[in-house]
Amino acid sequence: MKIGIFDSGYGGLTILKEIRKLLPQYDYLYLGDNARAPYGSHSYEVIYRYTLESVEALLQRDCALVILACNTASAKALRTIQQNDLPRLGADRRVLGVIRPTVECVPTLTRTHHVGLLATPGTVNSGSYAMELHNIDPSLQLTALACPMWVPLVEYGEHNSAGADYFIRKRILQLMSVDPQIDTIILGCTHYPLLLPKIRRYVPDGVRVLSQGTYVARSLEDYLLRHPEMQVRLGTGASCRFLTTESAEKFSRAASVFMPGTYVEAEQIDL
Ligand code: DGL
């Protein structure tokens, strides 16, 4: 069986890349719901419905484990899917998100206990990061700021342009002016790693920026060590297939922005 990686679109490829770097032996099936992306500003009901349909598609295609690589889907749909839908869809399957693995590393990294979050409006408004951080360490203080322009900058290939600097600088200054004691900033969106060189340019010295792919990959490795019953079900042919709800050709072209040097042949599916 395979590990399914779901994202609203291309952004989850940044997570897939890190997972495959650490765990290259497994078989992967990536699904981007590009036809209905971006999810960032959709309502709870819509994100839940779209995510559930995507998870079902991956489970039907022999995924024993599905990672919601999308922060917005993790924030708004993960709990309901785990609690209400998974028992019906396959009690021996698992669906995991990206928020918990990301926040788990925060207590060891922050000294001031003041943490910033930059994410989509959907993720920020869900309050999921604040809740998870509070569960891990109630002394952590989170300031969250939505960056609605950042995903389109990446989607339209403008992330290296001079125009991108304006939007990135503006949000970082805003975040740091709300809480100047922030020493750790979580990038809570799949697209933001592509903006990292510019983000680092505007973040004050001494402030750490967390890009989540490596933390999600390490957490998956740890999960499989703790769950040998899942690990033994996974195929180890080191394969990776890509599905998209939009045109396959468009996906293949855009994927090269997220995974430079990798040729991606995608297949279009309807949900
Ligand atoms: N994948 C989404 C996330 O991580 C960003 C793109 C979108 O809004 O759909 O929140």
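Both ligands and their constituent atoms are indexed starting at 1 by order of listing.
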(message) Measuring from non-hydrogen atoms of G9 to any atom of ligand 1, is the shortest distance under 4.0 Å?
(response) no

(message) Checking side-chain polar atoms at under 3.5 Å, does Q231 have a donor or acceptor matched by the opposite partner on Y26?
(response) yes

(request) Among all protein heavy atoms, pick out the one at the shortest distance from atom 5 (C) of ligand 1; state its residue, atom name and that distance to 0.1 Å. (result) C189 SG, 3.5 Å

(request) List every atom of ligand 1 that sits less than 4.0 Å from any heavy atom of D7, numbering the atoms from 1 in the order shown and giving each element. (result) 1 (N)

Distance-only criterion, 3.5 Å: show the donor-acceptor pairs between side-chain atoms of residues 255-265 and protein atoms not counting sequence neighbours.
residue: S256; atom: OG; partner: R253; partner atom: O; Å: 2.7
residue: T262; atom: OG1; partner: M259; partner atom: O; Å: 3.4

(request) Enumerate the atoms of ligand 1 whose separation from the nearest heavy atom of Y39 is less than 4.0 angstrom. (result) 7 (C), 8 (O), 9 (O)

(request) Just say parallel, tilted or perpendicular for the rings of W150 and Y192, cut-offs at 30° and 60°. (result) perpendicular

(message) At less than 4.0 angstrom from any non-hydrogen atom of H191, what atoms of ligand 1 do you find?
(response) 5 (C), 6 (C)

(message) Need the ligand 1 atom indices (1-based, order shown) with element for anything under 4.0 Å from a heavy-atom of S8.
(response) 1 (N), 2 (C), 6 (C), 7 (C), 9 (O)

(message) Measuring from atom CD of Q181 to atom OG1 of T143, what distance do you get when rounded to the nearest 0.5 angstrom?
(response) 10.0 Å

(request) Before giving the answer on side chain to side chain contact (heavy atoms under 4.5 Å, CB included), spell out for L194 and L196 the whole-Å C-alpha distance, their side-chain angles and the decisive distance to 0.1 Å. (result) CA-CA 6 Å; L194 277 92; L196 207 49; over 6 Å; no

(message) Among all protein heavy atoms in this structure, tell me which lies nearest to atom 10 (O) of ligand 1, with the distance rounded to 0.1 Å.
(response) T72 OG1, 2.6 Å

(request) Quick one: look at T120 and ligand 1, take heavy-atom pairs under 4.0 Å, and tell me if it's side chain, backbone, both or neither. (result) side chain

(message) Would you say CZ of R100 has more than 12 non-hydrogen atoms from neighbouring residues, nucleotides or ligands within 6.0 angstrom?
(response) yes

(message) Out of all atoms in ligand 1, which are within 4.0 Å of some heavy atom of G40? Include the element for each.
(response) 7 (C), 8 (O), 9 (O)

(message) Less than 4.0 angstrom from a charged side-chain N to a carboxylate O is my criterion; do R218 and E221 meet it?
(response) no

